[in-house]
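Worth saying up front: this structure is predicted, and the values here are computed from it rather than measured. The first residue in the sequence is number 1, and the count goes up from there.
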Amino acid sequence: QGFALWLPIAVLPCVASMAARIAKACDKYRFDGDFTTAGQPLVLTETFHTWDAGVVLSKYLERHYARTSLGRQLSVLELGAGTGIAGLSCALLGHRVLLSDVGRDLAEATSGHILQNQRQIEAAGGSASYEEIDWTALPDRRLFGTFDVAFAGDVIWNASLVEPFVAALAWAGAGEMMLAHKVRNEVCDLSAIANFERLAKKAGLSVEKCVDTARVLGSDGHPKVFIY
């Protein structure tokens, strides 16, 4: 079974071309209402770090996945949601989003963020909920509905995460998948990319394109974050 998989780490020339670039800071937000999606403030108050790739992915979704532009509501899964910035942004765009991660602390933090932003999400016609999904012990797929889109941000920063992440993507079975990835160490990332491509192909997933977010999103992008 083939799925369209958009990943920001699969095109080696994209990674190699970043050697001479100077990274921009993406911690320009306090997340106290200064970060917005579709004109609505998104508030994150928990102390967990919000990663650059999640911020950039949120802005990419805002430009390309608004319900008003698509003309329909999507069923969306976020894998490795962390603080939930991308999933919550997607819900603010009017979609039904299931955010997922592992661990009690993250569950409490992300569920808290859902409650904090629930009024704006409902006003936009979207919804957000949280479930624990452990990539090393994936739950019964029959307990979940179908997903139109699955995405993740900055989840294969360690080589050991590549294999379980690919397994989670295959488990999700969404028609379209995206991964936002920030390159930190070009040598290590090239190795991770090669392994990812090999495992993705074995799982029946096809990589379609690499989005240079600095070029496509301008100041909302980052010279070391790519979305494939």
Sequence-distant partners of [X], side chain to side chain contact (heavy atoms under 4.5 Å, CB included), two or more places apart:
X	result
Ser75	Arg96, Phe147, Asp148
Ala107	Tyr130
Ser100	Leu77, Leu79, Ile133

Taking atom [atom1] of [X] and atom [atom2] of [Y], what is their separation to the nearest 0.5 Å?
X	Y	atom1	atom2	answer
Ser191	Glu186	OG	CD	13.5 Å
Arg63	Asp220	CZ	CG	5.0 Å
Ile227	His64	CD1	NE2	8.0 Å

I'd like to know if the side chain of [X] reaches the main chain of [Y], judged simply by a donor and an acceptor atom lying under 3.5 Å from each other, with no hydrogens or angles considered.
X	Y	result
His222	Lys224	yes
Gln73	Gly125	yes
Asp189	Asn185	yes
Glu176	Ala150	no
Arg141	Gly145	yes

Would you indicate whether the side-chain heavy atoms of [Y] and [X] approach each other to under 4.5 Å?
X	Y	result
His113	Phe31	no
Val149	Met178	yes
Leu61	Phe151	yes
Phe48	Asp105	yes
Glu108	Arg104	yes
Leu42	Thr36	no
Asp154	His181	yes
Phe196	Leu169	yes

TODO: Tell me whether Leu143 is reachable from Leu138 by hopping between hydrophobic residues (I, L, V, M, F, W, Y) whose side-chain heavy atoms are closer than 4.5 Å.
DONE: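 Yes, Leu138 and Leu143 fall within the same hydrophobic cluster.
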Task: Single-linkage hydrophobic cluster Leu98~Leu115, side-chain heavy atoms < 4.5 angstrom - done: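 Looking at the clustering, Leu115 is in a separate group from Leu98.
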Open item on the list: Would you call the rings of Trp51 and His49 parallel, tilted or perpendicular, taking 30° and 60° as the class edges?
Closed with: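 Taking His49 first and then Trp51, their aromatic rings stand perpendicular (interplane angle over 60°).
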Shortest non-hydrogen contact between [X] and [Y], atoms and distance:
X	Y	answer
Ala180	Leu57	CB-CB, 3.9 Å
Ile121	Ala128	CD1-CB, 4.1 Å
Ala174	Met177	O-CE, 3.3 Å
His95	Tyr65	NE2-O, 2.5 Å

Task: Leu106: which of Asp101, Thr83, Leu99 passes side-chain contact (heavy atoms from CB on, under 4.5 Å) - done: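 Among Asp101, Thr83, Leu99, the one that satisfies the side-chain contact (heavy atoms from CB on, under 4.5 Å) with Leu106 is Asp101.
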Side-chain atoms of residues 84-92: list all donor-acceptor pairs with protein atoms under 3.5 Å, sequence neighbours left out, distances to 0.1 Å.
from  : atom 1 : to    : atom 2 : distance (Å)
Ser89 : OG     : Thr37 : OG1    : 3.1
Ser89 : OG     : Ser58 : OG     : 3.4
Ser89 : OG     : Ile85 : O      : 2.8

For a quick test of your reading: what N or O donor-acceptor pairs under 3.5 Å do the side chains of residues 155-164 make, sequence neighbours left out?
from   : atom 1 : to     : atom 2 : distance (Å)
Asn158 : OD1    : Ser160 : N      : 2.8
Asn158 : OD1    : Ser160 : OG     : 2.7

Task: Lys182 vs Asp52, salt bridge (charged side-chain N to carboxylate O under 4.0 Å, His left out): CA-CA, chis, key distance, verdict - done: CA-CA 7 Å; Lys182 181 179 179 180; Asp52 289 339; 2.5 Å; yes
TODO: Test side-chain hydrogen bond (donor to acceptor under 3.5 Å, both in side chains) on Thr45 and Gln116 and set out the steps.
DONE: CA-CA 9 Å; Thr45 58; Gln116 284 180 300; 2.8 Å; yes
Task: Set of ring-ring contact (aromatic ring centres under 6.0 Å, His included) partners for Phe144, sequence neighbours left out - done: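 Result, ring-ring contact (aromatic ring centres under 6.0 Å, His included) vs Phe144: Trp171.
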- [ ] Could you tell me whether Asp34 and Lys28 have a side-chain N and a carboxylate O separated by less than 4.0 Å?
- [x]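 Salt bridge: no.
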